Structures are given as structure tokens and as C-alpha cells.
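Presented below is the structure to which this report refers.
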Amino acid sequence: MILQQDQSILLMAEEVWCKNRMTEKILIHNGKIYQAAGWLDSGYIQIEDKKIKSIHPGKPDAETIMHADQVINASGMAILPGFVNGHSHFSQSFMRGLADGRPLLQWLKELIWPLQSAFSADDMYLASLLGLAENLHGGVTHVVDHHKITHTLQHTEAVKRAAEEIGIRCTIARAWSDRGNNPESASAILDEMENWYADQEISGKVKFASGPLTPWRCTGELMQKTHAQAVKYGSFTHIHVSETLDEVEMTVKETGLRPVAWLDQLGILDENAQIVHAVWVDDAEMDLLRDRNAQVVHCPVSNAVLGSGIAPVAKMLDRRIRIHLGTDGSASNDTQDSMENMKIAICLARAAHQDAANLSNEQALRMLLANRDITVDMDADLTMVRLDTLRSAPIHDLTAAITLCAHSEDVDTVIVAGETLMKDGKLTTIDEDVLIKECTIVLQSLKKRAGIEL
Ligand SMILES: [Zn+2]
């Protein structure tokens, strides 16, 4: 890392760090509170011990205000459960804007794989900080990083450290493949995962999961073993499936089965499976996803940027399949903007079917919120979005304002486990300007090492 002596990305040296890392008694009032049963037009929320302590309509009395360490006036804002980004690759924070004109496999071979090979652990730390900061700034309180650059334990440790320092919830789905380019041995993968699972804190915000890259890069036998290991530790398998038609054809040629059916035959398709993309799934595969209660992660922007296709998301929702939204990595999106991702999910579904009712605003919002609600005793993970802006006011319908009008720049405040990690549109645990400068410097040297001239 090339930090100047007087610079620090993290605000640890400042008082604000200590103040914000403490969980406080927080009172949020004057806001419009999202609840699945209907918006509470004006109310207040009390947070204590990292949890939502109470939710009330109306205004708090003087005693309630006095009781709080921090009072947040949410006038003009919507208060929602923190957004969930179900799929990302933080290393790709350094690979934005490179996909133009290249389909998935060409893009991987010519650009992404060479850059990934040249990544140092320090690059990984900075790229992770950047990806995490962008997610948090856009209202995300939990992100799943399908962590691809696993050259050394230090690379994975760098992601963990970055997430812990910023304070967001992060699941590191440690990517692996045991066939094709640079295969890893089964014992190396299983042993490393055993250590990560054993070391994770039950109440911690950073967790681990198994991340087989794709069905065509992994053997069935090792996917069965890593899945069983993940389930033993209360975790899950997170895997790219049927992103492109080519991939489906490869699996059919090899196994005689379509990818989802093959995963089912292996015994992996259950409630602990996260199927990322599912663009090219047929009716029988969607029935399987429903019957096994597997979760799908829908990545509409990434699928559109790479020209991969449009997932049949309304058909899956009709079957009550659990779906979260994912931005995917910034190399194929090319941001971590979860609100834009939600709006494009709506636009693509409706355009593809010439049907304005194909995906409702509420359905899209439920995917972004991972079907969570604001309820008493839930973890205090909240995102507050300004709606008193030129693009959102005046408001007819709060859900439409959030899904179709507001942008991620309108996110004002983000609270994770009772800690205020963003306030007044600024992150509290990291210096955004220093981070951008540092990443810009480091990227030049990374490109040189990867032999990429752009
Ligand atoms: Zn991905």
C-alpha cells in the first residue's frame, strides 16, 4: 500500500471512529417506515443493544428523546430494512468498464483472468474496501462477496479485514474450482474452508460460505463434500449457474442433464444452495428450485451488460422461489448500485414481456430487502433514503418512489447492528477521498503487472 504518512483511509485516529463503533441507544423519528403490511407514514424507532427495541406511530415524547444517545431526524426520508446485495466480486472494483463488446467467456479470458492473476494481497484489501464502501454508501448492509482471488490465505484475510474495519455485514463465499484453469486440490479447499468456518464468530458480521465457481469448473464429488461441510457449520453453497446458454449446453453435453437438474442429482439443490443468475432455466428446473426451496440471486444489470439474457424472474416469483438481487462484480455491472439494479430488474422484466405488470414495484423491493421487514427484536440494520429531492417529490406512492425515482445517492444514513456507518451521506468509518486516490495509484501498477494496456 502506498499511503502517504499523513493519510489514513480508516478514520481510526479520530474520535469519530470510537464514537461510531460503539452501539448506542438511537432514536429515529419523523420518518416514513417501511413495513410489508404497509408504510407507517410517520413514526419513530428505538434501537438498543444492536436490535430494534420498539416501533411506534406518531412522535416520541420528551422522555424518549432524552433516553437516546443519538437522535436522527428522518424528516423527508424513507426508513427501510438494510439492502442486501446477494452477489458481488470485490476484486472487480479494479476492473470497471472493461467488458465493452465482449461476451462472458472472451471477457474472462482476455481481461479478468490476467488481472486476477496479478492481484497482490494489498490490492485485494484496497479493492475490497472500495467494493464494501460503495455497497454501504448505496444502502447495503449485507453483501455476499464471491471471493475469487484466493492465491494465498492473505488474500482472503484481506477481504475479511476490510469488511471488519468498515463494519458492514459480509459473507465471503470463498470461490474454488477443481478442474479447468488452475485447479485446486480437494484437500486444500476442504482444509482451508474448515479453518475459516471454525474461526468465524457466531455473532460476528463476517461469515464464510463455499463458492464453487460454476458447475463446469467443479467436480460433482467435491461440490457434495463442500456443501456438506458448509451445512455442518450453518452456512451454504453459493454458485454461478446457467448465466449463459453456452454454459447450459456444456453441462448437458457432459452430464446429460441441465445444470439445475444436475445439482439436484448431486444432492446440492436444497435450502442451503444459492443459485446465482439462473438466466437460462426451463420450467422443470424452476419447479425443482421451488420444490427444493433453493434461493436464486438475480443479477439483471450484469446479465444485460454481458448480453447474457434476462432471467425469468416473474415466473420464479410466481412459484414463490426465494430471490435476492445481486449487482455481481463491478467488472460486469459496472457499479455496486443496488437501487439501480432494482429498477433495471423491473424495466427488463416488463420490456421482455411487453407487460407493465410483469414485475411489480413491491416484488422488486422485496427482493432488494431479502424479504425482510422492520420488526421489534430484529437486528438493527436500517437504510434511510431521502425522498424530498427533485427526482422523487412530490410522492404519490412510497414504494414507487423508492423503486423508480430514488437513486443510491439519495441514501442518507445507514445503520448496521446498531452502529451508524453512514450519516448525512458520508461514511463514518472510512475516508472516501483518500480511498479513491489510493486505489487509483495502485491500479496503474496492477495493470502493468497483468500486461494489460488500456
Ligand atoms: Zn459473479
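In this text, all values refer to a predicted model and were calculated from it rather than measured experimentally. Note that ligands are numbered from 1 as they come in the structure, with each ligand's atoms numbered from 1 the same way. Atoms considered below: every heavy atom in the structure, side chains included; atoms not considered: hydrogens, waters and symmetry mates. Residue numbers start at 1 and run along the sequence shown.
At least one cation-pi condition fails for R174 and F208: the charged atom is not both under 6.0 angstrom from the six-membered ring centre and inside a 45 degree cone around its axis. The cationic atom of R258 (NZ for Lys, CZ for Arg) does not lie both less than 6.0 Å from the six-membered ring centre of W216 and within 45° of the ring axis.
A donor atom on one side chain and an acceptor atom on the other are not found under 3.5 Å apart for Y233 and Q200.
Of the candidates K205, R169, K50, K205 is the only one forming a salt bridge (Lys or Arg N to Asp or Glu O under 4.0 Å) with E419.
The Zn ion (ligand 1) has H87 NE2, H89 NE2, H240 NE2, D328 OD1 as protein N, O or S atoms under 2.8 Å away.
Every pair passing ring pair (Phe, Tyr, Trp, His ring centres under 6.0 Å) that includes a residue from residues 239-276 is listed here, sequence neighbours excluded: H87-H240, H89-H240, H146-H240, H240-H277.
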*Any chance you could lay out the side-chain hydrogen bond (donor to acceptor under 3.5 Å, both in side chains) test for S302 and N333, step after step, and finish with the verdict?*
CA-CA 5 Å; S302 172; N333 183 294; over 6 Å; no

